[in-house]
Undergrad: 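Quick one: this structure, given as structure tokens, is what I'll be asking you about.
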Amino acid sequence: MPELPEVETICRYLRDGTATQPAILNRVIFDAQILWARSLATPLVEEFYRRIRGQSITAINRRGKFILFSLTTDTLLIHLRMSGDLLVEPADLAPLTHHRALINFQDGMRLAFNDPRKFGRIWLVEHPALVIGGLGPEPLDDHFTAADLYERLRSTRRRLKPLLLDQSFLAGLGNIYVDESLHLARLHPLEVSQRVSLEQAIRLWASIRQSLNQAILRNGASIDWVYRGGEFQNYFRAYGRVGQPCPECGTPIQRITVGQRGTHFCPQCQQLMG
DNA sequence: CACGAGACCTGTTCGC
DNA sequence: TGCGAACAGGTCTCGT
């Protein structure tokens, strides 16, 4: 499910709690179970069990699409990839079909990692930089400026869509928010980054931040069978709207494939520069 | 260097 | 109704 706004939403749910699930900050870990071996990236499962036991959750943060749980001595990182989700529930429930890992707390609750497609990954490390060190800037960070984006765009000749999906270029965007940001900025997904002017870069920078901020305000997007209460899917401008009118000009939204990803854009508003 | 294809996985939806 | 194909919010690795 998750791109930056959805991961941010889940992060807040875990930190602050919701109407249906309690916050898990400061809980003490009793033990853990890995139900699908490949969900654990590192360390080996026995060491994971041994090290995580007895640590408590001192902070919950997001970096790009990673969720970082600061523990007493280590950091637990979880990437939800395509279909992952995190649930807080009583530890005595029988695991659901798609539960891949369980972190059991001393107070009888547990954090369950549910992931039908099994692409998600878990790391337990002393130094999180080992996992997230290669990420590009955080798009909503005050330190990330339009000038930064312009400079980064100029440093390569890649097409905008695959470039913005590259987490080492910018952290957190995925298929939805790249399409939404490019539409808002009126830039073609196949435009070459080096041809983007300063003015266009400023527009793209503002569009990325606006898309992400609006999505976070609506608790992210919920599509298909994964519904977490987010409502941003009702405000999509381009993503998933093939054949429907562009909100700016009414031209039907087109779908092409770029780097094996479905790509949605308005052929009128988003034209390649000649 | 930049891009495309194939892997990793399961589930849903679409077209005939 | 049934069945295969296409598709899905991600990322890695390999070959050209």
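A note on names: the letters A, B, ... follow the listed sequences, proteins ahead of strands, and every chain is numbered from 1. As a basis for the values below, the full set of heavy atoms in this structure was taken, side chains included, without hydrogen atoms, waters or symmetry mates. A quick note: this is a predicted structure, and the numbers were derived from the prediction, not measured.
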Undergrad: Over 60° means perpendicular and under 30° means parallel, so classify the ring planes of Phe232(A) and Tyr235(A), tilted if in between.
TA: parallel
Undergrad: Respond yes when some side-chain nitrogen or oxygen of His79(A) is under 4.0 Å from OP1 or OP2 of dG10(C), and no when none is.
TA: no
Undergrad: Counting Watson-Crick and G-U wobble pairs with both distances under 3.5 Å, what is the dot-bracket string for DNA chain C, 5' to 3', using [ ] for crossing pairs and | for pairs to another strand?
TA: .|||||||.|||||||
Undergrad: Within this structure, what is the CG-to-P distance between Leu170(A) and dT11(C), rounded to whole angstrom?
TA: 12 Å
Undergrad: Whole angstrom is fine here: how far is it from CG in Asn175(A) over to C1' in dA8(C)?
TA: 9 Å
Undergrad: Taking atom P of dA8(C) as reference, at what distance in whole Å does atom CG of Leu165(A) sit?
TA: 13 Å
Undergrad: Are any of the side-chain nitrogens in Asp107(A) or Arg27(A) under 4.0 Å away from the carboxylate oxygens of its partner?
TA: yes
Undergrad: When the P atoms of dG4(C) and dC9(B) are considered, how many whole Å apart are they?
TA: 23 Å
Undergrad: Output the rounded distance in Å from CD1 (Ile78(A)) to P (dG10(C)).
TA: 18 Å
Undergrad: Is Glu3(A) salt-bridged to Lys65(A), cutoff N-O under 4.0 Å?
TA: no
Undergrad: Counting primed atoms plus P, OP1 and OP2 as sugar-phosphate and everything else as base, spell out the protein contacts along nucleotides 1-8 of chain B at 4.0 Å heavy-atom distance: B, S or - for each nucleotide, 5' to 3'.
TA: -SS-BB-B
Undergrad: Return the value, rounded to whole Å, for the distance between atom CZ of Arg255(A) and atom C1' of dC14(B).
TA: 13 Å
Undergrad: Less than 4.0 angstrom between a side-chain N/O of His98(A) and OP1 or OP2 of dG11(B), yes or no?
TA: yes
Undergrad: When hydrophobic residues are tied together by side-chain contacts of less than 4.5 Å, even through go-betweens, does Leu163(A) share a cluster with Ile176(A)?
TA: yes
Undergrad: Is any side-chain N or O of Gln167(A) closer than 4.0 Å to OP1 or OP2 of dG10(C)?
TA: no
Undergrad: Is any side-chain heavy atom of His183(A) closer than 4.5 Å to a side-chain heavy atom of Glu248(A)?
TA: yes
Undergrad: Taking only Lys NZ, Arg NE, NH1 and NH2, and the carboxylate oxygens of Asp or Glu, determine whether Asp179(A) and Lys161(A) approach each other closer than 4.0 Å.
TA: yes
Undergrad: Calculate the interatomic distance between Ile176(A) atom CD1 and dC7(C) atom C1'; express it in whole Å.
TA: 14 Å
Undergrad: The side chain of Glu3(A) is closest to which nucleotide in this list: dG10(C), dA8(C), dT10(B)?
TA: dG10(C)
Undergrad: Side chains of Asn114(A) and Asp85(A): donor-acceptor distance under 3.5 Å anywhere?
TA: no
Undergrad: Can you check the Asp166(A) CG to dT11(C) P distance for me, whole Å?
TA: 9 Å
Undergrad: Rounding to the closest angstrom, what is the interatomic distance between dC7(C) and dA5(B) at atom P?
TA: 13 Å
Undergrad: At what distance, to the nearest 0.5 angstrom, does CZ of Arg110(A) lie from CG of Leu93(A)?
TA: 5.5 Å
Undergrad: Quantified in whole Å, what is the C1' atom distance between nucleotide dA8(C) and nucleotide dC3(B)?
TA: 22 Å
Undergrad: At under 4.0 Å between heavy atoms, what does Tyr177(A) touch on the DNA or RNA strands: base, sugar-phosphate, or nothing?
TA: nothing
Undergrad: Output the rounded distance in Å from CZ (Phe236(A)) to C1' (dA8(C)).
TA: 13 Å
Undergrad: Tell me yes or no: between the side chains of Ser56(A) and Asn26(A), is some donor less than 3.5 Å from an acceptor?
TA: no
